[in-house]
Structures are given as structure tokens and as C-alpha cells.
Amino acid sequence: MKKTEHPDTRNLTSWVEISESAYASNLQFFRRLVGPQVELSVVVKSNAYGHGWLPISRLAVKYGANSFCVHSLDEALQLRQAGFGQDVLIMGYVPLGRLEEVVAHNFRLVLYNRETLEALIIAANRLKKTVRVHLKLETGTYRQGIDERALPWFLEALSQPGPVQLEGVYTHFANIEDTTNHDYAFRQLEKFRAMSQQVRRRGFPEVRQHAACSAAILLFQETHFQMVRLGISQYGLWPSRETFVSYKIKHTENGEDVLRPVLSWKTRVAQLKWVPAEQCIGYGCTYQTTRDTRLAILPVGYADGYDRRLSNQSYVLIRGKRAPVRGRVCMNILMVDVTDIPDVQLEDPVVLIGSQGSETITADFLAGLIGTINYEVVTRINWNIPRLVVP
Ligand SMILES: *Cc1c(COP(=O)(O)O)cnc(C)c1O
């Protein structure tokens with residue numbers, strides 16, 4: 001395998017580093033967990049949760065993922081245009097007028113609307129090609145899905161000779177990562193088993209089943225079936241604290257963390273200045289200095305995905321030390337206090353998410369400060385910021 005070199009970041013104002021060794025370690029962990037037979041499908045929707053769909057998809061293939069799951073047709077097309085020949089499951093809505101593109105590129109499509117099936121048959125016949133669908137079964141999430149009353153119509157329509165092939169059935173858990181009580185998830189699992197049995201008996205004995213997102217993969221072997229949809233945890237993040245705790249209770253023998261965060265977000269010091277005591281910093285004068293303050297200006301703001309609610313709350317790492325954010329986070333700029341960090345220089349590297357020295361800022365920590373989840377923190381890092389693979 002080709003060895004990854006450290007990229008040159010000297011002339012970048014802000015960049016995201018993707019650790020190849022961390023990603024490889026996570027993917028290999030999940031392969032061991034699901035075994036060699038299960039289709040390991042990586043979810044790379046929303047720019048691979050902000051990690052960069054192209055570098056992540058390359059690493060995923062390199063380290064043994066079998067296929068991709070995306071939300072939209074456009075995400076699927078990006079993968080094909082970049083040369084990925086693996087199966088791609090489109091899990092979100094495709095407008096009826098664009099179903100021919102699904103057929104033409106041989107994507108797998110989620111199916112839950114009658115109208116989509118009818119239009120898909122017409123599109124496939126026109127192109128004289130077949131197309132594979134995965135029925136989304138309603139088991140209690142009430143997002144997209146086919147309930148028990150509607151299922152017979154789909155099975156009847158799909159048993160007719162035609163270009164649309166039923167390849168899979170799947171469901172998605174509503175309440176598996178937000179709790180340590182998994183009763184609701186198990187009721188969904190039972191319902192999924194019963195509905196899949198019905199599909200199998202009604203003429204589709206070979207249909208593939210999948211239900212597991214990261215939390216289910218980590219916690220319950222019985223949710224793996226023939227395929228899993230691995231999202232957040234391929235990136236080394238836990239779906240939630242509850243999932244982490246539940247996992248730890250089940251795997252007491254394992255002392256260290258099995259997941260390694262893949263993403264770091266960095267910038268550089270753009271200006272250094274001394275500010276006297278009792279001066280306001282930033283818009284709205286929300287911070288006032290209490291002493292002679294050494295201030296570092298950083299070229300990152302909420303437009304870059306550094307949430308404005310982190311104003312006066314979070315800190316960044318410079319020279320391995322914590323530098324607190326002072327005043328409001330601006331659109332493209334933020335200010336941090338480096339008075340207690342000796343010898344900070346212009347263009348010193350700054351860590352917004354990640355480690356420096358013995359300090360670490362996690363996506364979970366920032367998520368906690370602003371009342372959201374790690375998924376949102378990493379996904380909203382502006383997609384135009386370069387994503388660089390590091391060893
Ligand atoms: C996003 C998504 C996943 C991945 O979930 P994670 O918690 O990130 O692993 C799986 N299945 C469906 C249907 C999804 O939309």
C-alpha cells in the first residue's frame with residue numbers, strides 16, 4: 001500500500017486533517033466485530049459527516065469497506081464520477097423526474113412510495129436496464145417507511161415480472177443511542193424480523209436485511225443481519241455517551257477506547273497584540289479584559305463552522321496549552337487569550353478540534369457546550385476548508 005506523507009500546511013489559514021491510521025484502526029475494529037461475511041457499508045452522506053467524502057471514501061475502500069450509503073442522488077453521482085464502482089445505496093428521496101439517473105448508474109434505491117415504484121418501472125423500461133431497490137420498513141421511527149398495511153401492495157407489485165429487483169429490506173432505530181434502556185429498539189427489531197419474514201415468504205427468500213447504525217453495530221450482534229450501515233463511529237466518534245457506557249458495561253475486559261477520532265481541525269495565529277486592562281473585546285463588548293492581555297487573532301469564525309454559541313465559552317490549543325475564546329465568535333475571525341502561554345508567534349499552529357501536547361479538544365466537548373451532538377459539530381465544519389489525509 002502507498003504510504004501517506006505529511007502534507008504541507010504552511011500556507012493554509014484553516015484545514016482539517018484526517019488521520020489515516022485512526023481511520024484504518026476503526027474500520028478494522030468494525031470488520032472484526034461484524035465478521036468477514038457481513039456487508040460493511042459505510043455511510044458517507046453530508047460530505048462524510050464533514051470529514052470529506054473523497055478522502056474518506058478512498059480510505060474506506062482501502063481498508064475493506066464493501067459498499068457506500070448516501071442520502072442523495074447527487075452524493076451517489078459524485079462517487080461514480082470519482083471512479084468508485086462499489087454499490088451505492090441512496091437512502092433519501094430522489095425526485096420522480098430523476099429516477100432514470102438512478103437506473104443509468106446502477107445505484108441501489110430506498111423504496112417507500114408507490115409513486116416512486118411506478119415511475120422507476122417506467123424509467124428502467126425506457127433504459128432497458130434493471131434496478132435494485134431496498135424496501136424501508138416502518139418499525140417505529142416514523143420517518144420514511146412502509147407500514148404493515150402498505151407492505152402487501154409493494155410485494156405484489158415487485159413479484160410481477162419487470163425491471164425492478166427487490167434486493168433488500170431495512171429499518172432504522174429511533175431510540176438506540178439516546179438511552180441505556182433498549183426496550184424500544186428491541187421492539188423495533190422484533191417488528192423488523194416479522195416484516196422481513198413476511199417478505200421472504202411472499203416470494204423473496206434471498207432478500208438481504210439490514211438495520212444497524214453505529215450504536216446497534218457496537219451493542220447488539222443480533223442487529224447485524226447481512227449488512228450494516230456504519231456512520232459516525234467509522235470516524236472514531238461514539239454515537240452518544242449512553243452508547244459508550246452501554247458498550248463499556250458489556251466489554252469490561254477492554255480497558256482502552258476502541259475508537260480513535262479521525263478528524264482534527266486546525267488554523268494559525270493571524271495577529272498578536274497587547275490589550276490593556278478594562279478594554280472590551282469583539283462585537284457587543286461581551287468580554288472585558290481584567291489585566292494586560294496578550295490576544296491572538298485567529299482566521300476562523302462561524303462561517304467556517306465554529307459555532308457562534310462558543311463565544312466566551314470554549315478554548316483552543318496553542319503550544320500545547322489552552323487559550324480561552326474571548327468575546328463573540330465573528331463570521332470569519334475569533335480572538336483567544338494567550339497571556340499565560342509563553343512565546344506565542346505569528347502563524348503558530350492552533351488546534352480547534354484535536355490534540356496538541358497532552359491536551360485534547362473533542363467534538364463531544366464542543367457539542368456539550370452548545371447543546372448539540374458530535375455529529376453536528378463535525379458535519380458543519382465548512383465543506384470548502386481543505387481536508388488533508390495525514391499518516
Ligand atoms: C445516517 C444513517 C445511518 C448511520 O447512522 P450512525 O449513527 O451515524 O451510524 C444509518 N442508517 C440510516 C438510515 C441513516 O440515515
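Scope of the values below: all heavy atoms of this structure, side chains included, with no hydrogens, waters or symmetry mates.
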Cationic tip of R387 within the cone over W15's six-membered ring, i.e. under 6.0 Å and within 45° of the normal?
->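 No, cation not above the ring by the 6.0 Å, 45° rule.
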[X] with [Y]: basic N within carboxylate O range, under 4.0 Å:
X: K266; Y: E17; result: yes
X: R126; Y: E100; result: yes
X: R319; Y: D348; result: yes

Quick one: closest heavy-atom pair of [X] and [Y], and the distance?
X: S57; Y: F84; result: CB-CZ, 3.5 Å
X: L158; Y: L135; result: CD1-CD2, 4.2 Å
X: Q313; Y: L369; result: NE2-O, 3.3 Å
X: A124; Y: V131; result: CB-CG1, 4.2 Å
X: T379; Y: S46; result: CG2-CB, 3.8 Å
X: V269; Y: L298; result: CA-CD2, 3.9 Å

Between [X] and [Y] (side chain of the first, backbone of the second, donor and acceptor by atom type, cut-off under 3.5 Å), is there such a pair?
X: E138; Y: G140; result: yes
X: T223; Y: A216; result: yes
X: R380; Y: Y306; result: no
X: N26; Y: Q234; result: yes
X: Q356; Y: G320; result: yes
X: D178; Y: N175; result: no

Taking the side chain as everything from C-beta on, heavy atoms only, tell me whether [X] gets closer than 4.5 Å to [Y].
X: Q226; Y: V38; value: no
X: L218; Y: W238; value: yes
X: P7; Y: V390; value: yes
X: Y375; Y: E177; value: yes
X: L151; Y: D147; value: no
X: V34; Y: R31; value: yes
X: V336; Y: I318; value: yes
X: H182; Y: R187; value: no

Determine whether the side chains of [X] and [Y] contain a donor N or O and an acceptor N or O closer than 3.5 Å.
X: Q188; Y: T171; result: no
X: T243; Y: S240; result: yes
X: S196; Y: Q209; result: yes
X: S14; Y: T267; result: no
X: E20; Y: T4; result: yes
X: D337; Y: T293; result: no

At what distance, to the nearest 0.5 angstrom, does [atom1] of [X] lie from [atom2] of [Y]?
X: R98; Y: L96; atom1: CZ; atom2: CG; result: 12.5 Å
X: F244; Y: L219; atom1: CZ; atom2: CG; result: 12.0 Å
X: C280; Y: Q288; atom1: SG; atom2: CD; result: 5.5 Å
X: R200; Y: M195; atom1: CZ; atom2: CE; result: 14.5 Å
X: T116; Y: L109; atom1: OG1; atom2: CG; result: 7.0 Å
X: L27; Y: S233; atom1: CG; atom2: OG; result: 11.5 Å

Could you point out which residue of V169, L111, L89, L117 forms a side chain to side chain contact (heavy atoms under 4.5 Å, CB included) with V133?
->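 Filter result, single survivor: L111.
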Step-by-step side-chain hydrogen bond (donor to acceptor under 3.5 Å, both in side chains) determination, R229 to H172 = CA-CA 10 Å; R229 305 185 304 269; H172 191 48; 3.3 Å; yes
Please check if the number of heavy atoms outside [X] that lie under 6.0 Å from its [atom1] is greater than 12.
X: D343; atom1: CG; value: yes
X: E115; atom1: CD; value: yes
X: Q160; atom1: CD; value: yes

Go through the steps to decide whether R294 and L272 satisfy the test side-chain contact (heavy atoms from CB on, under 4.5 Å), and finish with yes or no.
-> CA-CA 7 Å; R294 186 84 170 141; L272 285 155; 3.6 Å; yes
Output, in order, the C-alpha distance, side-chain angles, deciding distance and verdict of side-chain hydrogen bond (donor to acceptor under 3.5 Å, both in side chains) for D364 and N374.
-> CA-CA 5 Å; D364 291 271; N374 54 17; 3.0 Å; yes
Check the pair R208 / Y170 against side-chain contact (heavy atoms from CB on, under 4.5 Å), numbers first and verdict last.
-> CA-CA 8 Å; R208 296 176 77 72; Y170 77 102; over 6 Å; no
Aromatic contact, [X] with [Y] (centres under 6.0 Å):
X: F186; Y: F192; answer: no
X: H210; Y: H224; answer: no
X: Y23; Y: H51; answer: no
X: F154; Y: Y112; answer: no

Shared ILVMFWY cluster between [X] and [Y], side chains joined below 4.5 angstrom?
X: V275; Y: Y287; answer: yes
X: Y93; Y: V102; answer: yes
X: V351; Y: L12; answer: no

When you look at T286 and R326, which way does the side-chain hydrogen bond (donor to acceptor under 3.5 Å, both in side chains) test go after all the steps?
-> CA-CA 8 Å; T286 60; R326 298 301 193 207; over 6 Å; no
Just do the salt bridge (Lys or Arg N to Asp or Glu O under 4.0 Å) check on R108 and E39 with the steps written out, would you?
-> CA-CA 14 Å; R108 295 161 154 175; E39 177 177 341; 2.9 Å; yes
Verify side-chain contact (heavy atoms from CB on, under 4.5 Å) between Y247 and V258, making sure each step is shown before the conclusion.
-> CA-CA 10 Å; Y247 183 88; V258 292; 3.9 Å; yes
Please test E278 against T289 for side-chain hydrogen bond (donor to acceptor under 3.5 Å, both in side chains), starting from the C-alpha separation and ending with a verdict.
-> CA-CA 5 Å; E278 284 161 32; T289 52; over 6 Å; no
Ring pair (Phe, Tyr, Trp, His ring centres under 6.0 Å) between F365 and Y315, worked out | CA-CA 11 Å; F365 170 71; Y315 55 84; 5.4 Å; yes
